[in-house]
Amino acid sequence: MTLSICTAQLNFVVGDMPGNAQKIIAAAREAYAQGARLLLTPELAICGYAAEDLFLRPAFIAACDDAVKTVACETAGLKGLAIVLGHPQAVSADAPAFSACFNAASVLRDGQIEQTYAKRELPNYQVFDERRYFVAGSAPCVFEVKGVRVGVLVCEDAWFAAPARDAAAAGAQLLAVINASPFHLGKGAEREQTMRERVAETGLPLVYAHLVGGQDEVVFEGRSFALNADGSVACRGSSFEEKLVFAQVHQAQEAIKIEAEIAPEKSLEADLWDALVLGVRDYVGKNGFPGALLGLSGGIDSALVLAVAVDALGADKVRTVMMPSPYTADISWIDARDMATRLGVRYDEISIKPQFEAFKAALASDFAGLPEDTTEENLQARIRGTLLMALSNKFGSIVLTTGNKSEMSTGYCTLYGDMAGGFAVIKDVAKTRVFDLARWRNANDPYGTGVGPIPERIITRPPSAELRPDQKDQDSLPPYEVLDAIVARYMENDEPIESIIASGFERADVERVTRLIKLNEYKRRQAPVGIRVTRRSFGKDWRYPITSKFRA
């Protein structure tokens, strides 16, 4: 006996229940035509993940219910096809507003909803806030398709032993896990290893169906997979792309073996690049922006953001503006112009010297007798931000900011200046990794926009904000290798200050960096949303008070 399973690794839009339903229906018809008799959709596929406080609106849940009925009705003619559909479900039909619901998975077959399973383990850490919205279920869900008894789990359920164990006790021969698990570097391998633990505990093979796409700050990479009962990888779908992933389940007596194609694993840099590209593409596309705009300075950060934007959107939807100040070196505009030419994007130059002089003249009486300092530096950044936002307002393109995680950590960025914009592409990418990615992209061309888009001098020259004569980043910050390591230990991993010092870092550097992280919380609260690619970003999984005397 052979059962063909199709995992619908699809990219949904939050709140577009009619559109999501039609995408699922189309996937069901294609899967059925190719012989599949079990279709797995991702967690909360009907509404997209995560809908946040929309889950608290009765009208939203009602629209989800209507979409589930639409899928059931439109697939009724696919006789014998079982669909595991992720969706929210009200706890009761007469539930009041702002009441919690279930994070549910329903089994649809022949136009009917046969069973509904409620997610049992509700994550409330990192970017997750599910206990705000959902009530935990308690009972297992096992159904049969072509002689195979399938036990349903939803995402976090499979990170704990009890739900899988209960499904096995209820007679499951195969575990089907539907998921919306946000990407961070290394997460794919972590998932496979954790699912291997569930397989070892239960002795059951497992199919892991995963969402793909960008949603605000999080990205889902797909990479759906299946494990045989011995823990070996039997199937792995490609990452960062929509795909119907098929697997054949062969049953001989009680033994089950899964066979399918196994996509090769990618390098860390390739995964990171794909995550950034998908994050930009979906944020711009799903929110209806006609294109993107950024300030191209001739420095490494804006160069990397430009390369990502072109891979995500195409050169025809990206515009760059070079805005030289009195302190801009000639090599900066030469390199910026060179890169724009290499990638084929629109490039304009708008000098900010007249505006800078006008601002200083307007403030001259107030600033009389005082030396120039960061005030004048920030004026330049704010003039640039104003010009970019004016172009955005006039033409509709979103401004992509170019600040990296090292800068966001320490406040080496200007409110209403280089922080002005709509989407922070590399907000969660440390400066050292910015250089690594730039080198990787110059050697690779994953989207066919050209090898070597970043002029070599941009990568090799010392980083500078160019807001005063002969300025270098390292005049104000520790070396980036030191800075980034401290940020990773303190901010991403919650390592105590004394422990960081004990591991070999200079006390002065650790005290300085951690102090800057604390002092600049008020800036980060006003920063645009950006793509999360590490275990902890300055977004949903970083919730520190601005006003506080405590430093961990």
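Only a predicted model underlies this, so the values are computations on that prediction, with no experimental measurement involved.
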request  = Report the distance from atom CG of Leu10 to atom CD1 of Ile24, rounding to the nearest 0.5 Å.
outcome  = 7.5 Å

message = I'd like to know whether NZ of Lys243 has more than 12 heavy-atom contacts from other residues, nucleotides or ligands below 6.0 angstrom.
response = no

inquiry  = Within the structure provided, determine whether Leu293 and Ile398 are in side-chain contact (heavy-atom separation under 4.5 Å).
reply    = no

task = For atom NZ of Lys523, decide whether the heavy atoms of other residues, nucleotides or ligands shown that lie under 6.0 angstrom number more than 12.
result = yes

query = If you take all heavy atoms of Gly213 and Asn11, which pair is closest and at what distance?
reply = CA-ND2, 3.4 Å

message = Any donor-acceptor pair under 3.5 Å linking the side-chain atoms of Tyr49 with those of Asn103?
response = no

query = Does any non-hydrogen side-chain atom of Phe246 lie less than 4.5 Å from one of Gln34?
reply = yes

query = Ignoring hydrogens and geometry, is there a side-chain-to-backbone donor-acceptor pair from Arg281 to Leu313 under 3.5 Å?
reply = no

query = Considering only heavy atoms from C-beta outward, does the side chain of Cys47 approach that of Phe60 to under 4.5 Å?
reply = yes

message = For a 4.5 angstrom cut-off between non-hydrogen side-chain atoms, does Leu40 reach Cys6?
response = no

message = Going by the rule ring pair (Phe, Tyr, Trp, His ring centres under 6.0 Å), which residues pair with Phe183 if we only count those two or more places apart in sequence or in a different chain?
response = Phe240

request  = Verify, without hydrogens or angle tests, whether Gln9 (side chain) and Ser224 (backbone) share a donor-acceptor contact under 3.5 angstrom.
outcome  = yes

query = Is it true that the side chains of Thr534 and Lys405 contain a donor and an acceptor less than 3.5 Å apart?
reply = yes

key: Note: Glu114-Arg109 ion pair, threshold 4.0 Å (strictly below)   = yes

ask   = Atom CG in Asp311, atom CH2 in Trp273: separation rounded to 0.5 Å?
value = 5.5 Å

ask   = Are Asp428 and Glu217 close enough, and set up right, to give a side chain to side chain contact (heavy atoms under 4.5 Å, CB included), and what steps lead you there?
value = CA-CA 10 Å; Asp428 199 31; Glu217 73 185 62; over 6 Å; no

note = Nearest heavy-atom approach of Ala100 to Val135 is CB-CG2, 3.6 Å

query = Is Arg132 salt-bridged to Glu52, going by a charged N under 4.0 Å from an acidic O?
reply = no

Pair Lys427 + Glu407, salt bridge at N-O below 4.0 Å = no

request  = Heavy atoms only: give me the nearest Phe289-Gly396 pair and the separation to one decimal.
outcome  = CD2-O, 3.5 Å

key: Pairwise distance CG(Leu211) to OG1(Thr41) - rounded to 0.5 angstrom   = 10.0 Å

note = To the nearest 0.5 Å, atom NE2 of His210 lies from atom OG1 of Thr7 at 11.5 Å

query = Salt-bridged, Arg223 to Glu241, with N to O below 4.0 Å?
reply = no

request  = Give the intermediate values and the outcome of side chain to side chain contact (heavy atoms under 4.5 Å, CB included) for residues Tyr117 and Leu153.
outcome  = CA-CA 8 Å; Tyr117 172 80; Leu153 302 175; 4.0 Å; yes

ask   = Can a donor-acceptor pair be found between the side chains of Tyr133 and Asp53 at a distance below 3.5 Å?
value = yes

Stepwise side chain to side chain contact (heavy atoms under 4.5 Å, CB included) check, Tyr447 with Asp274 = CA-CA 9 Å; Tyr447 295 88; Asp274 285 343; 2.6 Å; yes

task = Kindly check if the number of other-residue, nucleotide or ligand heavy atoms within 6.0 Å of CD (Gln526) is above 12?
result = yes

ask   = Is the closest basic N to carboxylate O distance between Lys431 and Asp301 below 4.0 Å?
value = yes

ask   = Given Glu190 and Arg535, is the salt bridge (charged side-chain N to carboxylate O under 4.0 Å, His left out) satisfied, shown in steps?
value = CA-CA 12 Å; Glu190 291 176 26; Arg535 189 178 300 273; 2.8 Å; yes

request  = Output all residues satisfying side chain to side chain contact (heavy atoms under 4.5 Å, CB included) with Ala260, sequence neighbours left out; order by chain, then residue number.
outcome  = Cys235, Ala247

request  = With rounding to the nearest 0.5 Å, note down the distance linking OG in Ser392 to CG in Leu400.
outcome  = 9.5 Å

inquiry  = Show, in sequence, the C-alpha distance, side-chain angles and deciding distance for Ile5 and Val145, and conclude whether the side chain to side chain contact (heavy atoms under 4.5 Å, CB included) test is met.
reply    = CA-CA 10 Å; Ile5 298 177; Val145 55; over 6 Å; no

task = Compare all side-chain heavy atoms of Gln126 with those of Arg532 and state whether any distance is below 4.5 angstrom.
result = yes

request  = Decide, yes or no, whether a salt bridge links Lys187 with Glu221 under the criterion of side-chain N to carboxylate O below 4.0 Å.
outcome  = no

Donor-acceptor contact below 3.5 Å, side chain Ser548 vs main chain Phe550 = yes

inquiry  = I need the minimum non-hydrogen distance between Arg543 and Lys540, along with the two atoms involved.
reply    = NE-O, 2.6 Å

query = Are a donor atom and an acceptor atom from the side chains of Asp216 and Tyr283 found within less than 3.5 Å of each other?
reply = no

ask   = Out of Ile531, Val127, Val533, Asp541, which one pairs with Val218 under the side chain to side chain contact (heavy atoms under 4.5 Å, CB included) rule?
value = Val127

query = Can you tell me if CZ on Arg433 sees more than 12 non-hydrogen neighbours from other groups inside 6.0 Å?
reply = no

query = Does the cation-pi check pass for Arg37 over Tyr32, that is, NZ or CZ under 6.0 Å from the six-membered ring centre and within 45° of its axis?
reply = yes

Donor-acceptor side-chain pairing of Glu495 and Ser499 below 3.5 angstrom = yes

inquiry  = Testing the 3.5 Å rule here: is there a donor-acceptor pair between the side chains of Ser106 and Thr116?
reply    = yes

ask   = Between Asp157 and Arg120, is there a salt bridge with N-O shorter than 4.0 Å?
value = no

key: Candidate list Leu175, Val245, Leu174, test side chain to side chain contact (heavy atoms under 4.5 Å, CB included), partner Val207, passing option   = Leu174

key: Check: Val318 and Leu294 side chains under 4.5 Å, non-hydrogen atoms   = yes

message = How close do Ala527 and Met419 get, counting heavy atoms only, and between which atoms?
response = CB-CE, 3.6 Å

query = Between Thr202 and Arg165, do the side chains contain an N or O donor and an N or O acceptor separated by less than 3.5 Å?
reply = no

request  = Grab the two heavy atoms, one from Phe102 and one from Val91, that are nearest each other, plus how far apart they are.
outcome  = CE1-CA, 3.8 Å

note = Taken to the nearest 0.5 Å, the spacing of Cys73 SG from Asp66 CG works out to 12.0 Å

query = Are side-chain heavy atoms of Thr75 and Ile83 found at a separation under 4.5 Å?
reply = yes

query = Does NZ or CZ of Arg236 lie under 6.0 Å from the centre of the six-membered ring of Phe225, at an angle within 45° of the ring axis?
reply = no

request  = Report the relative orientation of the aromatic rings in Tyr125 and Phe128; use parallel for angles under 30°, tilted for 30 to 60°, perpendicular for over 60°.
outcome  = perpendicular

query = Quick one: are Pro496 and Tyr490 in side-chain contact, heavy atoms under 4.5 Å?
reply = no

request  = May I ask you to decide if Val154's main-chain N or O and Glu43's side chain share a donor-acceptor pair within less than 3.5 Å?
outcome  = no

query = What do the steps show when you test Phe55 against Phe134 for ring pair (Phe, Tyr, Trp, His ring centres under 6.0 Å), and what is the final call?
reply = CA-CA 9 Å; Phe55 288 125; Phe134 302 121; 4.9 Å; yes

